[in-house]
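As structure tokens, the structure follows; a few thoughts come after it.
Throughout, protein chains are lettered first and strands after them, A, B, ... in sequence-line order, and every chain is numbered starting at 1. Computed from a predicted structure; not experimentally measured. Side chains included, hydrogens not; waters and symmetry mates left out as well; all remaining heavy atoms used.
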Amino acid sequence: MPELPEVEVTRRSFAHAIAGADIRHVRLGKPLRWPLGLAPEALIGRTVLQVRRRGKYLLIDLSEGLLLLHLGMSGSLAFVPELPEAGKHDHFDLFTSQGSLRLHDPRRFGAVVYASAEDAPVAHKLLGGLGVEPLGEGFDPVSFRRGLVGRTAPIKQVLLAGDVVVGVGNIYASEALFLAGIRPTVPAARLGPVRIARLHAAIVHVMQTAITKGGSTLRNFSNAHGQSGHFQTQVMVYGRDGEPCHQCGSLIKAIRQGQRSTFYCAHCQKL
DNA sequence: ATGTAAACCTGTGCGC
DNA sequence: TGCGCACAGGTTTACA
């Protein structure tokens with residue numbers, strides 16, 4: 001479910017409310033992708049300092065150590081004064097003095113992992129290989145181009161890999177390539193400065209717009225207040241297989257790339 | 001080092 | 001209505 005915009009929207013929806021809260025109790029449901037890495041009781045008494053984001057990870061800084069949180073494919077967070085009884089897909093609850101944070105994740109590809117520090121081995125293993133932030137200073141056309149050197153894989157798959165630029169998932173990769181007019185199947189290294197500059201701008205634009213719109217709610221994404229996003233209403237190609245292109249009217253195509261669906265307009269994306 | 005496929009798990013929608 | 005299959009917003013792991 002969540003790509004960078006959804007994760008950022010989630011972060012903004014509860015970061016302020018949870019800052020300064022003291023942890024009073026922790027409840028674990030079924031196992032997630034990785035074990036917490038710490039006895040849950042050990043978190044009691046620690047204070048939440050702030051919530052940051054790196055790629056699709058949320059970093060919850062504590063008075064001692066931090067929690068790395070990932071929403072996987074189907075995760076969402078809720079931050080509420082009073083939690084209802086846990087359902088079958090509620091696998092992590094953090095009860096604090098200022099409200100409770102709950103991770104709901106039916107497929108359990110998500111994770112909550114404790115790290116003693118941001119450069120501790122656990123954290124480094126998860127965050128170490130990540131590319132630059134698309135909305136950060138490090139993302140510019142020149143360094144973007146350097147990152148694509150030697151990459152013979154299709155540009156769509158290189159975007160998804162996340163080692164060049166982070167946070168671009170299956171929806172926004174298709175959308176950004178459409179905006180840039182680039183064919184998703186082009187080998188990444190064959191993109192020249194002009195197309196790379198267009199793609200760079202498209203990625204930044206799509207990410208910013210999606211955040212502004214509250215993310216995309218395809219099935220059931222919502223922020224920590226239960227509010228849906230509405231970027232999906234202005235999607236140009238994702239999930240529009242067989243429908244007319246909003247720009248030229250020809251029918252949107254769907255192909256498989258690396259076991260993921262890709263959507264594009266063969267007329268608008270010829271580069 | 002890079003590329004590709006399988007794996008993790010549950011739910012939903014579709015064709016028969 | 002039920003069954004089986006394909007597919008779903010991600011990322012690690014194993015192997016070419």
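- Looking at A:Arg33, its side chain comes within 3.5 Å of the base of C:dT11 through a donor and an acceptor atom.
- Taking every side-chain heavy atom of A:Lys30 into account, B:dT10 is the closest of B:dG3, B:dT10, C:dT11.
- The aromatic rings of A:His25 and A:Phe95 lie tilted to each other, with the angle between the two planes from 30° to 60°.
- In terms of phosphate contacts, A:Lys88 brings a side-chain nitrogen or oxygen within less than 4.0 Å of OP1 or OP2 of B:dG11.
- The interatomic distance linking A:Arg260 (CZ) with C:dT11 (C1') rounds to 9 Å, in whole Å.
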Ignoring hydrogens and angles, write down the donor-acceptor pairs under 3.5 Å from the side chains of residues 128-136 of chain A, residues two or more places apart or on other chains.
residue  : atom : partner : partner atom : Å
A:Glu133 : OE1  : A:Arg53 : NH1          : 2.9
A:Glu133 : OE1  : A:Arg53 : NH2          : 3.2
A:Glu133 : OE2  : A:Arg54 : NH1          : 2.9
A:Glu133 : OE2  : A:Gly55 : N            : 2.6

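- When distances run from any side-chain atom of A:Arg107 to the nucleotides C:dG10, B:dC9, B:dT2, the shortest one goes to B:dC9.
- Exactly one residue among A:Ile182, A:Leu177, A:Ile255, A:Thr185 makes a side-chain contact (heavy atoms from CB on, under 4.5 Å) with A:Tyr264. That residue is A:Ile255.
- Under the stacking criterion of a centre-to-centre distance below 5.5 angstrom and an interplanar angle below 30°, A:Phe109 is not stacked against the six-membered ring of B:dC9.
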### Query
How does DNA chain C look in dot-bracket form if you count Watson-Crick and G-U pairs under 3.5 Å, write [ ] for pairs that cross, and put | where a base pairs with another strand?
.|||||||.|||||||

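- Not one side-chain nitrogen or oxygen of A:Ser74 sits closer than 4.0 Å to the OP1 or OP2 atom of B:dC9.
- Comparing atom distances between the A:Pro106 side chain and each of B:dT2, B:dG11, C:dG10 picks out B:dG11 as nearest.
- Nearest-nucleotide positions on DNA chain B place A:Gly150 closer to the 5' end than the other of A:Gly150 and A:Gln259.
- The side chain of A:His70 contributes an N or O atom lying less than 4.0 Å from OP1 or OP2 of C:dT11.
- Between A:His89 and B:dC9 there is no side-chain N or O to OP1 or OP2 distance below 4.0 Å.
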Please tabulate the protein-to-nucleotide N/O contacts below 3.5 Å involving nucleotides 13-16 of chain C, giving atom names and distances.
residue : atom : partner  : partner atom : Å
C:dT13  : OP1  : A:Lys125 : NZ           : 3.3

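- The base of B:dC9 does not come close enough to the side chain of A:Arg108 for any donor and acceptor atom to sit less than 3.5 Å apart.
- In this structure, A:Leu130 and A:Ser261 both approach DNA chain C, and ranking their closest nucleotides by distance from the 5' end singles out A:Ser261.
- The CE atom of A:Met73 sits 10 Å away from the P atom of C:dT11 (whole-angstrom rounding).
- Just one residue in the list A:Ile60, A:Thr96, A:Asp93 forms a side-chain contact (heavy atoms from CB on, under 4.5 Å) with A:Leu101, and that residue is A:Ile60.
- Summarising the geometry, the separation between CG on A:Leu160 and P on B:dT4 is reported as 12 Å, rounded to the nearest angstrom.
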